[in-house]
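Note that the structure is a prediction, hence the values are computed from the model and not measured. To find a chain, count down the sequence lines: A is the first, B the second, and so on, and within it residues start at 1.
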Amino acid sequence: MRRPDVVEATEAVLRRAQTSLPGWVVRSIESALRRERSEIARYHLEAILDNIRIAEADARPICQDTGLPVFHVEIGDRCHIDFDLWEAIAEGVRMATAKGMLRPNVVDPLNRSNTGDNTGPGMPCLIVDGVAGDALRITAFPKGAGSENMSFLGMLNPADDPLDYILENLAERVSNACPPVFVGVGIGGTFDQAASLAKRAVMGIPGDSEEELLLLKRINDLGIGPMGLGGDTTALGVKIERAFCHTASLPVAVNLQCWANRRATVIVTEDGWSIE
Amino acid sequence: MEHRVRAPLSEGDVYRLSAGDVVWLSGVIYTARDKAHQRLSEVSFDLRGGVIYHCGPLIRDTTVVSAGPTSSVRLARYLPHVLDLGVRCIIGKGGMPGAAELIRGRAVYLAYPGGCGAAAARSLRVRGVSLPELGMAEAVWELEALNLGPMVVAIDSHGRDLYREVRESAKRHLKL
């Protein structure tokens with residue numbers, strides 16, 4: 001596999017993720033608009049759908065918060081990679097930033113100085129899995145601060161009800177996360193596993209188990225609505241991932257994703273790359 | 001009710017806007033987020049009657065590429081100072097805790113749909129910039145708006161705060 005292909009593919013997949021949303025995300029907003037009873041909420045949902053069309057037509061980023069560069073990287077067991085993969089993806093991020101497709105968002109956490117190119121120690125953030133095959137699959141998940149800042153994690157008492165914890169926190173916080181949102185829940189494991197499960201849950205949306213649909217209904221029954229101004233549409237999807245945990249623990253993490261559920265995948269092989 | 005308003009705003013303009021109304025705004029607006037709010041007194045523009053937009057735009061050369069609102073909650077702590085500078089209108093998303101009491105009789109808070117940066121950019125043109133050393137997202141951009149909207153009057157100058165009403169109703173619902 002060639003390093004320049006990975007760099008180019010990264011730049012291309014970021015461009016796709018920033019300017020267009022997957023069809024299933026758009027359809028979930030459209031079907032929410034059909035059900036929505038609040039006039040203010042319908043105004044917002046229509047504005048959101050207009051914005052999605054404009055972004056695609058003008059090839060502009062959907063949202064000015066082009067997010068942190070987060071990628072899910074699946075490496076085939078027959079891939080031959082003889083270069084620094086993280087550095088190649090970082091180079092693609094720098095290229096996308098230089099071309100004006102990404103706002104420079106990445107800063108030192110303490111002195112707040114901006115690196116200007118959306119990379120730095122730990123950024124891009126790669127979530128890596130080994131899979132079968134001879135391809136490298138890179139999925140860009142640009143993550144804006146609005147929804148990330150409103151995510152939460154609690155080490156609950158095993159006697160607590162995780163559903164109450166989730167709903168109470170959402171009632172307080174979700175209006176700042178650009179609702180309607182997608183909700184990734186991680187339950188169990190260790191402190192860090194719960195956060196990681198919540199992240200993987202929101203990456204894997206949609207969920208349709210009985211408890212996922214029940215939580216979705218209870219969130220929408222809160223009436224918080226698009227942008228926190230009231231309505232039937234607070235969440236578009238809920239996914240729950242779990243791990244078994246210590247008898248004395250009940251970790252619960254919720255990772256929120258705004259309606260701009262940006263994601264795009266590129267496949268890199270020995271022969272080049274193509275956007276999925 | 002729908003309104004077309006032009007910045008800078010008069011006291012009467014602000015008074016006429018009630019919670020739930022829809023607004024389209026034209027005229028000059030100024031972006032400001034965290035770092036700019038800490039240095040608002042140093043901004044070279046006259047903010048009297050002005051509009052502050054909680055926004056860190058994506059700008060290519062001098063073209064606005066994407067420019068939706070950022071979360072206003074982070075900027076609530078600066079609101080008394082902002083009002084003292086004569087600002088009459090704040091555009092943002094998510095609302096500002098405690099704002100309803102502070103802006104009563106003085107200013108209005110408009111909600112631009114969060115995440116809709118591409119649509120907003122079509123209505124905005126760069127006129128100037130202050131504090132450019134803060135970087136693209138944190139600088140104060142002077143923008144000319146042409147029918148920026150639809151925005152919802154979310155906190156009006158008569159004491160109504162739609163976010164608070166919605167949040168309190170959600171909490172009552174949870175206690176049932």
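- Using modelled atom types, one side-chain atom of B/R60 and one backbone atom of A/G100 make a donor-acceptor pair closer than 3.5 Å.
- Comparing B/P57, B/S169, B/G135 by how many heavy-atom pairs each has under 4.5 Å with chain A, the most go to B/P57.
- Of the possible polar contacts, none joining the A/R103 side chain to the B/L58 backbone as a donor-acceptor pair under 3.5 Å is found.
- Shortest non-hydrogen contact noted between A/M227 and B/Y163 is O-CE2, 3.3 Å.
- To the nearest 0.5 angstrom, A/Y43 atom OH is 3.5 Å from B/E2 atom CD.
- Note on A/D58, A/L45, A/D65: by heavy-atom pairs under 4.5 Å with chain B, the leading option is A/D58.
- Side chain of A/N51 to backbone of B/G115: a donor-acceptor contact under 3.5 angstrom is found.
- The number of heavy-atom neighbours closer than 6.0 Å to CZ of A/R16, taken from other residues, nucleotides and ligands shown, is 12 or below.
- In terms of heavy atoms, A/A47 sits closest to B/C116 at O-SG, 3.8 Å.
- Salt-bridge formation is not detected for the pair B/D34/A/R112: no Lys NZ or Arg NE/NH1/NH2 atom is positioned less than 4.0 Å from an Asp or Glu carboxylate oxygen.
- Considering CZ of B/R164 and OG of A/S175, their distance stands at 13.0 Å, rounded to 0.5 Å.
- In this structure, B/S66 and A/P61 approach most closely via the heavy-atom pair OG-O, 2.9 Å.
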After noting the C-alpha distance and the side-chain angles of A/L229 and B/V166, does the key distance pass the side-chain contact (heavy atoms from CB on, under 4.5 Å) rule? CA-CA 6 Å; A/L229 291 168; B/V166 166; 5.5 Å; no

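- Within a 6.0 Å radius of CZ in B/R39, other residues, nucleotides and ligands contribute more than 12 heavy atoms.
- When every heavy atom of B/P69 is checked against every heavy atom of A/Q64, the shortest pair comes out as O-NE2, 3.5 Å.
- For the options A/M150, A/M101, A/E172, heavy-atom pairs under 4.5 Å to chain B are most numerous at A/E172.
- For the options B/C55, B/A19, B/A154, B/A170, heavy-atom pairs under 4.5 Å to chain A are most numerous at B/A170.
- Most heavy-atom pairs under 4.5 Å with chain A: of the set B/R122, B/R167, B/M136, B/H173, this distinction falls to B/R122.
- Interface summary for chain B: among A/T19, A/D50, A/I62, A/I40, the most heavy-atom pairs under 4.5 angstrom belong to A/I62.
- Side-chain N or O atoms of A/N176 include none that pairs as donor or acceptor with a backbone N or O of B/S71 at under 3.5 Å.
- With a threshold of 4.5 angstrom between heavy atoms, A/E39 does not approach chain B through any atom at all.
- The contact between B/V152 and chain A is made entirely by side chain atoms (from C-beta outward), counting heavy-atom distances below 4.5 Å.
- For chain B, the nearby part of A/L102 is the backbone; its heavy atoms alone come within less than 4.5 Å.
- Contact annotation for A/A171: both backbone and side-chain heavy atoms come within less than 4.5 Å of a heavy atom of chain B.
- Using a 4.0 Å cut-off between charged side-chain N and carboxylate O, B/K171 and A/E168 make no salt bridge.
- For CZ of B/R4, the number of neighbouring non-hydrogen atoms (other residues, nucleotides, ligands) closer than 6.0 Å is greater than 12.
- Among B/A137, B/G56, B/P150, B/G20, the residue making the largest number of heavy-atom pairs under 4.5 Å with chain A is B/G56.
- For A/E30, the CD atom counts as densely surrounded, since its 6.0 Å shell holds more than 12 non-hydrogen atoms of other residues, nucleotides or ligands.
- Only the side chain of B/V22 comes within contact range of chain A, with at least one heavy atom under 4.5 Å from a heavy atom of that chain.
- In this structure, no portion of A/D164 lies under 4.5 Å from any heavy atom of chain B.
- In this structure a side-chain-to-backbone donor-acceptor pair under 3.5 Å is missing from A/R60 to B/G117.
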